Amino acid sequence: MTDPATHSDQHSLNKSYIGRFAPSPTGPLHFGSLMAAVASFLDARFQQGQWLIRMEDLDPPREPPGTAELILQQLQDFGLKWDGDVLFQSSRLEKYQGLLEKLQQDGLCFPCDCTRPQIKMMGNVYDGSCLSRASPPLTNYGIRVRVEDKLISFQDLIQGEYAQNLKQDIGDFTILRKDGLFAYQLAVVADDDYQQVSHVIRGIDLLDSTPRQIHLQSKLGFPEPIYGHIPIVVNSSGQKLSKQHFAPSVNTEDANKLLVKSLRFLGQNPAKELMLESPATILKWGIENWDIQAVPKLATIPEDIAK
Ligand code: GLU
């Protein structure tokens with residue numbers, strides 16, 4: 001039987017709230033990605049909204065076989081039940097191609113074969129040099145989208161107002177990589193629109209991607225979701241928990257402990273005894289007591305703070 005607390009009831013669903021968790025299957029869930037899953041889940045369920053899963057499997061060389069299935073199993077073990085079918089980005093390549101062509105037809109794209117060291121020399125803000133070349137590169141190039149010299153700002157649900165001038169801070173950015181893979185920025189915008197996502201709750205490491213996404217939404221005529229960025233978890237050396245830094249996989253046998261730890265980390269105030277309860281009971285408490293305003297307005301929180 002479906003637990004109404006953790007699974008949205010189709011009758012009482014708030015149709016205007018659609019949230020999502022969008023893991024890249026480059027490794028199993030670690031405490032940092034669990035946080036993003038829990039925060040987006042609680043915010044959606046608190047608002048009787050839908051909570052979708054999108055597997056961002058756009059980079060096969062970085063995705064060990066079986067990882068997507070493992071992540072889905074971990075989410076289930078934590079009691080994080082999603083609505084509908086999981087969307088795999090690998091099934092959406094034709095759509096991304098169509099959007100790329102639209103941007104090209106609108107004269108907003110250009111090929112670029114600049115290397116990482118060259119971009120570093122530009123101070124990591126792409127200076128548009130390939131735009132003024134006499135002849136475009138013929139091999140080994142990616143596609144960039146042009147940006148404008150104007151401030152893009154939005155009101156983050158957690159961090160408050162955030163603004164960026166893409167021309168000055170980022171430069172024209174890549175939407176098709178040199179290796180022929182679609183870039184995250186294009187795919188995420190395509191699918192947040194396709195899945196009609198209204199609320200994006202995710203880690204603060206993506207805060208400075210948001211103006212790029214808003215730029216693409218405006219060029220493609222897509223609505224802009226509401227964004228909320230939670231602090232990221234860092235290890236004792238101050239590094240983001242990630243596969244690159246060997247963050248361990250969450251242990252689903254500790255699901256109740258880790259869920260209570262997640263709630264504390266997110267500024268919520270569960271009693272210690274809640275740890276003795278099942279994941280479903282902990283999440284039920286989390287939904288009923290969710291206060292997004294209590295999430296710390298911080299960029300990073302050390303992993304061991306909420307022990
Ligand atoms: N797939 C991205 C990641 O795992 C998250 C994308 C997003 O939430 O916008 O970091």
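Start at 1 and go down the list; that is how both ligands and their atoms are numbered. Numbers here simply count residues along the sequence, with the first being 1. These numbers come from a predicted model, not from an experiment. Hydrogens, waters and symmetry mates play no part in the numbers below; they use all other heavy atoms, side chains included.
Cation-pi contact between Arg54 and Phe21: absent, since separation from the ring centre below 6.0 Å together with deviation from the ring axis within 45° is not met.
Using a 4.5 Å cut-off on side-chain heavy atoms (C-beta onward), Phe78 and Leu259 make contact.
Classification of Asp106 and Arg146 as a salt-bridged pair fails, no side-chain N sitting under 4.0 Å from a carboxylate O. Between Glu288 and Arg45 there is no salt bridge, since no side-chain N of the basic residue sits under 4.0 Å from a carboxylate O of the acidic one.
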In a simple table, one pair per line, please give the protein and ligand 1 atom names for every N or O pair closer than 3.5 Å, along with the distance.
from     : atom 1 : to     : atom 2 : distance (Å)
ligand 1 : 1 (N)  : Ala22  : O      : 2.7
ligand 1 : 1 (N)  : Ser24  : OG     : 2.8
ligand 1 : 1 (N)  : Glu56  : OE1    : 2.6
ligand 1 : 4 (O)  : Ser24  : N      : 3.3
ligand 1 : 4 (O)  : Ser24  : OG     : 3.2
ligand 1 : 8 (O)  : Arg20  : NH1    : 2.6
ligand 1 : 9 (O)  : Arg20  : NH1    : 3.4
ligand 1 : 9 (O)  : Arg20  : NH2    : 2.9
ligand 1 : 9 (O)  : Tyr184 : OH     : 2.8
ligand 1 : 9 (O)  : Arg202 : NH1    : 2.8

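Of the possible polar contacts, one joining the His30 side chain to the Ser33 backbone as a donor-acceptor pair under 3.5 Å is found.
With no hydrogens or angles considered, a side-chain donor-acceptor pair links Asp149 and Gln168 at under 3.5 Å.
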